Each structure stands twice: as structure tokens, then as C-alpha cells.
S.K.: 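Could you have a look at this structure, given as C-alpha cells, before my questions?
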Amino acid sequence: METKEKFKAFVKVHPHLVKFVKSGEMTWQKFYEIYDMYGEKEEVWKEYLPEPSSTEPSTNSTGTTSTLNIASLGEIMNFVKNLDLDSVQNGVNSLQRVLGVLQDFGTNNQPKEEYKPRPLYKHFED
């Protein structure tokens with residue numbers, strides 16, 4: 001297998017490298033040069049790859065492997081614990097009122113019956 005193909009396989013195993021390229025810290029060319037010079041098992045990759053203990057691979061019912069970040073789950077739980085349900089309810093109520101007003105504007109744009117003046121020679125009792 002040629003070095004370029006090995007590098008592509010390495011990137012597929014370590015998709016975390018994409019973050020560095022998107023942020024502009026590194027380029028694919030620089031990563032390839034590091035890979036070409038040092039290979040996969042060198043200390044140089046510690047700077048770019050996450051710690052193995054920070055994520056735990058888990059297998060779901062379909063047999064595929066997914067990565068669960070425990071720190072993120074804890075942050076989500078803390079967010080839910082600190083959530084003020086009264087403020088959420090007030091926000092939902094405000095949003096419902098705004099949507100009601102917008103719906104009223106939408107229904108008022110429908111054509112109304114045209115005003116037809118009563119002929120002058122007719123009286124109310126006719």
C-alpha cells in the first residue's frame with residue numbers, strides 16, 4: 001500500500017485532525033509530511049490527537065462503534081439541572097403570543113366584501 005493511501009486510512013481512523021485543518025492551524029500537506037517522516041506511532045501525534053482516556057468507544061445494538069464523550073454528557077446534565085423551568089415557560093408563552101399576532105396579520109390580508117352603497121331612492125324599510 002502506498003504512503004498516500006496509508007495516510008488516508010490514518011485520517012479516517014483519526015477524524016479529529018479535520019478540526020486543525022478547518023481552523024487553519026495545520027494543512028493536509030503538513031500532516032502528510034509529518035506522517036511520511038514519523039509514521040503513526042510517534043510522540044508528534046499527541047499534540048493533534050485526543051487522549052484515549054477522554055473518550056470511551058461503545059458498541060450499540062447494530063454492532064457499530066460510536067464515541068461517547070463523558071465530559072459532554074456531564075455538561076448537558078448540569079445544564080438541565082440549572083434550567084429554570086419558569087423562565088422557559090414564560091419564553092414559550094411569549095412566543096405563542098407573537099405567533100398569534102403574526103397569524104392575525106395573515107388573516108387580515110384576506111379580501112373583504114366590497115362596500116356597496118345603498119341606492120339613494122331606497123329607504124330602510126324597502
Side-chain angles (χ1 to χ4, degrees):
M1 183 184 272
E2 112 180 49
T3 307
K4 194 187 315 183
E5 297 301 319
K6 288 181 182 178
F7 176 69
K8 286 180 182 180
F10 178 74
V11 170
K12 284 181 183 177
V13 173
H14 302 288
H16 188 71
L17 297 174
V18 174
K19 180 183 94 171
F20 292 98
V21 174
K22 285 186 177 181
S23 69
E25 295 177 48
M26 288 291 284
T27 63
W28 288 119
Q29 180 64 36
K30 289 180 183 177
F31 275 139
Y32 179 74
E33 290 170 2
I34 292 171
Y35 182 82
D36 192 34
M37 287 174 51
Y38 299 106
E40 296 181 19
K41 308 245 185 244
E42 291 296 320
E43 296 286 323
V44 72
W45 293 111
K46 281 188 176 183
E47 182 179 345
Y48 304 108
L49 298 177
E51 294 289 325
S53 61
S54 66
T55 58
E56 294 180 4
S58 61
T59 304
N60 59 17
S61 61
T62 61
T64 60
T65 302
S66 63
T67 305
L68 174 63
N69 191 343
I70 302 300
S72 296
L73 185 60
E75 290 172 8
I76 292 171
M77 293 302 293
N78 286 336
F79 176 75
V80 171
K81 286 179 185 177
N82 296 330
L83 195 61
D84 183 14
L85 294 179
D86 291 331
S87 65
V88 171
Q89 183 64 40
N90 289 339
V92 169
N93 290 339
S94 298
L95 186 61
Q96 285 177 337
R97 282 181 274 175
V98 168
L99 290 175
V101 168
L102 292 175
Q103 285 176 342
D104 289 344
F105 281 130
T107 56
N108 287 339
N109 290 335
Q110 295 176 352
K112 296 179 182 178
E113 285 186 35
E114 291 186 28
Y115 173 71
K116 295 180 183 177
R118 185 174 45 87
L120 293 175
Y121 58 87
K122 287 201 169 189
H123 297 286
F124 288 106
E125 292 86 28
D126 288 346

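Worth saying up front: this structure is predicted, and the values here are computed from it rather than measured.
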S.K.: State, with a plain yes or no, whether a side-chain heavy atom of Leu17 is found less than 4.5 Å away from one of Phe10.
M.R.: yes

S.K.: For Val21 and Thr27, which heavy atoms make the closest approach, and how far apart are they?
M.R.: CG2-C, 4.2 Å

S.K.: Indicate yes or no: at least one non-hydrogen side-chain atom of Val13 is less than 4.5 angstrom from one of Glu40.
M.R.: no

S.K.: Can you tell me how far apart CE (Met26) and OH (Tyr32) are? Round to the nearest 0.5 Å.
M.R.: 14.5 Å

S.K.: Should Arg97 and Asn93 count as side-chain neighbours, where that means a heavy-atom distance under 4.5 Å?
M.R.: yes

S.K.: Can you find a heavy atom in the side chain of Phe7 that is under 4.5 Å from one in the side chain of Asp36?
M.R.: no

S.K.: So, does Trp45 use its side chain to make a donor-acceptor pair with the main chain of Gly39 at under 3.5 Å?
M.R.: yes

S.K.: Taking the six-membered ring for Trp, are Tyr48 and Phe31 parallel (under 30°), tilted (30 to 60°) or perpendicular (over 60°)?
M.R.: perpendicular

S.K.: What closest approach, in Å, do Leu49 and His14 show between heavy atoms, and which atom pair accounts for it?
M.R.: CD2-CB, 3.5 Å

